[in-house]
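Comments concern the structure below.
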Amino acid sequence: MALAEVDRVSGRTERDSGWWRDAVVYQVYPRSWQDDSGDGVGDLAGIASRLDHLVSLGVDVLWVSPFYPSPMADFGYDVADYRGVDPLFGTLEDFDELLAAAHARGLKFVMDFVPNHSSSEHPWFTESAASRDSAKRDWYLWRDAAPGGGAPNNWKSSAGGSAWAWHEPTGQYYLHQFLAAQPDLNWRNGAVREAMLDAMRFWFERGVDGFRLDVVYHCIVDEQFRDDPENPDFDPDTRPSFDAVVPTFSTDRPEVMPLVIEPMRRLADAYGNRLLIGEIYLSPEKLVRYYGEAPASGVQLPFNFQLIFAEWRAEPLAALIRDYEALIPDGEWPNWVLGNHDQDRIATRVGPERARIAAMLLLTLRGTPTLYQGDELGMTNVEIPTERVRDPWELNMPGLGEGRDPVRTPMRWDASPHAGFCPDTVEPWLPIGADLARLNVAAQSREPDSMLALHRALLALRRERPSLSLGDYRSVAAQGEALCYERVHGAERTFVALNFGDAPCQIELPDGATGTIRLTSRPSVPNRDVEAVITLAAADGIVVALRQA
Ligand code: GLC
């Protein structure tokens with residue numbers, strides 16, 4: 001990347017400018033990417049064997065969800081050893097090979113790190129639970145029952161029910177903001193902080209380029225364990241129990257910056273320009289605080305999930321982008337996420353046609369985009385028969401829409417019965433799902449107007465035009481139901497219009513400019529010069545290279 005250019009945009013030093021600014025992140029959920037060992041579950045060797053897909057797609061950063069040793073109560077987000085690889089996924093040698101193979105292709109490698117909780121089978125927790133006098137008792141959050149009996153306070157688990165589990169042998173409750181098999185670590189304890197930073201050091205030493213920090217805003221809870229305020233709008237018939245309270249005292253506490261994030265950032269910087277991404281589900285106003293008050297004190301990319309919850313209409317989208325842009329602190333860099341392994345697929349949320357212009361939006365906004373595996377094919381949520389449900393969230397909160405299996409089904413490489421994910425002789429851990437003939441990499445590689453072809457074209461154009469990767473964002477008034485904006489970098493200007501409406505609309509190029517349509521939602525449409533006004537079909541989009549006035 002041209003560092004000098006970044007500096008001009010950001011006004012920051014070379015050290016802070018960061019390779020992630022013009023990069024595109026791609027998330028791999030390792031259980032469901034490629035099974036090399038033939039047991040129906042994906043693994044590290046499988047990832048290594050499919051790296052060329054990422055290269056031909058044109059992404060820059062591979063983020064892999066957890067592959068640590070784990071009892072798999074939450075499919076790896078319950079870590080039993082922060083310095084290893086679960087045999088299901090392979091060995092440390094497989095990891096080293098995968099990392100080297102990714103680096104050899106010019107891909108950066110970001111690991112998941114799960115700081116808020118370990119597995120209840122982590123030796124730290126076993127020791128902590130052994131007795132009230134255990135040297136590691138204070139590594140987790142143990143409390144007596146409330147005076148009248150019952151849980152110490154009203155905090156709720158995101159995985160259903162109370163956030164407190166009773167531990168009979170020692171007569172106390174322990175805190176788990178997720179599953180009972182995921183006890184919360186006590187980050188106020190300096191020894192815990194040291195041990196966790198040491199674990200990060202272990203992977204930095206091996207060469208990883210950064211971490212995605214799982215639910216990092218949960219890591220510190222109120223020191224006085226005050227009750228969370230009740231949510232007056234809670235409807236127990238339609239909403240999961242965690243919605244009964246507003247998590248004021250159990251999440252997003254001010255001490256999370258000095259006790260958790262700042263030490264992590266110092267460590268990352270000590271290794272030189274490594275990336276920290278924070279998984280933080282908060283309002284934009286609260287989210288941007290995680291950049292840190294002082295330069296280089298927070299995470300470089302606090303995940304911005306607004307597109308996951310957005311209303312897909314031009315005006316609200318324009319407002320959301322404008323407000324977020326206005327909140328980004330000086331010198332910091334935005335980011336956008338369209339999907340992940342916890343959320344309904346974008347093609348299910350907006351339908352297959354609008355998923356195309358959603359991809360155009362994701363890949364032409366200012367900020368580092370994160371793509372979730374399979375979304376580049378337009379994969380939709382897969383229906384999971386009751387007997388095949390695996391996600392504990394669905395099992396704990398049935399029928400409330402919290403289950404995540406439908407978005408974690410295997411990646412589809414070809415149209416063979418198990419999609420090339422695992423041998424046809426073994427059952428994949430989750431079903432492959434319908435529509436396989438259309439939704440697979442091989443078929444879409446042959447089809448010039450496929451969703452995959454659109455992603456490849458968008459990523460190539462983004463690479464070709466610095467205005468799309470590094471340029472400023474300039475809002476242009478919505479025209480009809482079309483969201484319009486410009487990206488500007490020096491003399492280069494790119495105009496984007498995305499028609500989220502159901503009718504065609506007329507689009508005027510800004511300032512009466514002329515230009516060349518470089519891309520529509522059908523990438524095989526040839527480039528075409530345009531004068532001031534263009535008609536844009538419903539659910540279509542255009543990316544226009546504007547000519548100098
Ligand atoms: C994050 C992960 C999710 C996991 C939870 C608990 O939200 O993305 O999959 O269940 O944290 O670790």
Side-chain angles (χ1 to χ4, degrees), residues 9 282-288 302-329 332-339 343 346 349-351 353-371 454 458 461-462 465 467-489 492-513 515 517-521 530 532-546:
V9 173
L282 289 174
S283 69
E285 290 75 15
K286 293 181 176 172
L287 178 71
V288 295
F303 260 154
N304 165 23
F305 293 123
Q306 291 181 84
L307 293 180
I308 289 180
F309 307 106
E311 187 185 343
W312 289 90
R313 291 184 29 243
E315 291 284 1
L317 283 170
L320 170 168
I321 298 163
R322 184 193 56 225
D323 294 350
Y324 175 62
E325 279 279 348
L327 284 166
I328 303 293
E332 299 295 350
W333 187 246
N335 78 89
W336 298 93
V337 182
L338 208 49
Q343 305 293 341
I346 180 64
R349 302 200 313 265
V350 301
E353 283 310 310
R354 281 177 179 70
R356 287 174 173 266
I357 51 176
M360 294 177 80
L361 178 68
L362 175 74
L363 297 176
T364 59
L365 280 174
R366 188 178 83 105
T368 305
T370 298
L371 272 169
L454 174 64
L458 276 164
L461 192 58
R462 201 184 151 89
R465 295 184 70 77
S467 54
L468 285 178
S469 52
L470 293 169
D472 289 342
Y473 172 87
R474 278 195 207 153
S475 162
V476 173
Q479 307 185 42
E481 269 302 312
L483 171 68
C484 302
Y485 50 91
E486 246 192 90
R487 300 290 311 282
V488 182
H489 188 260
E492 187 187 282
R493 293 168 66 193
T494 307
F495 172 74
V496 181
L498 306 168
N499 185 3
F500 287 98
D502 297 322
C505 65
Q506 298 286 322
I507 301 294
E508 276 182 38
L509 296 183
D511 322 321
I517 299 184
R518 294 297 313 273
L519 198 59
T520 77
S521 62
V530 282
V533 181
I534 311 158
T535 302
L536 193 57
D540 198 0
I542 43 169
V543 182
V544 183
L546 294 180

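Keep in mind that what you see is a predicted model, and the values were worked out from it rather than measured.
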Looking at [X] and [Y], would you say the former's side chain and the latter's main chain have a donor-acceptor pair under 3.5 Å?
X: D472; Y: V488; value: no
X: R493; Y: L546; value: no
X: R518; Y: V543; value: no

With a 4.5 Å heavy-atom cut-off, do [X] and [Y] have their side chains touching?
X: T364; Y: W336; result: no
X: L483; Y: I321; result: yes
X: V496; Y: L365; result: no
X: P369; Y: R462; result: yes
X: W312; Y: I346; result: yes
X: L498; Y: Y485; result: yes

Does [X] have any side chain to side chain donor-acceptor pair (under 3.5 Å) partners at least two apart in sequence or in another chain, and if so, which?
X: S469; answer: none
X: E508; answer: none
X: Q306; answer: N304

My understanding is that only residues two or more places apart in sequence, or in another chain, count here; which of them pass salt bridge (charged side-chain N to carboxylate O under 4.0 Å, His left out) with [X]?
X: E315; value: none
X: R354; value: D502
X: E492; value: R465
X: E481; value: none

Approximate separation, where rounding is to 0.5 Å, of [X] [atom1] and [Y] [atom2]:
X: L307; Y: L317; atom1: CG; atom2: CG; value: 7.0 Å
X: D540; Y: C505; atom1: CG; atom2: SG; value: 9.5 Å
X: L519; Y: L454; atom1: CG; atom2: CG; value: 6.0 Å
X: L458; Y: L362; atom1: CG; atom2: CG; value: 9.0 Å
X: F303; Y: T370; atom1: CZ; atom2: OG1; value: 4.0 Å
X: Y473; Y: I328; atom1: OH; atom2: CD1; value: 12.5 Å

- Output, in order, the C-alpha distance, side-chain angles, deciding distance and verdict of side chain to side chain contact (heavy atoms under 4.5 Å, CB included) for M360 and S521. CA-CA 8 Å; M360 294 177 80; S521 62; 3.9 Å; yes
Closest approach of [X] to [Y] (non-hydrogen atoms, all atoms of both residues):
X: N335; Y: P302; answer: ND2-O, 2.7 Å
X: A358; Y: L338; answer: O-CD2, 3.8 Å
X: H489; Y: S467; answer: CB-CA, 3.5 Å
X: P510; Y: F495; answer: CD-CD1, 3.5 Å

Can you name the side chain to side chain contact (heavy atoms under 4.5 Å, CB included) partners of [X], sequence neighbours left out?
X: L327; answer: P284, E285, V288
X: I308; answer: F305, V337, N340, Q343, R349
X: A355; answer: A347, V350, M451

- Message: Give me each pair satisfying salt bridge (Lys or Arg N to Asp or Glu O under 4.0 Å) with a member in residues 316-328, each pair once, sequence neighbours excluded.
- Response: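 Pairs touching residues 316-328 that pass the test: E325-R366.
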- Does the pair N499 and I357 meet the rule for a side chain to side chain contact (heavy atoms under 4.5 Å, CB included), with working shown? CA-CA 8 Å; N499 185 3; I357 51 176; 5.5 Å; no
- Message: Working note: Q479 + L536, criterion side chain to side chain contact (heavy atoms under 4.5 Å, CB included); need CA distance, chi angles, decisive distance, verdict.
- Response: CA-CA 10 Å; Q479 307 185 42; L536 193 57; over 6 Å; no
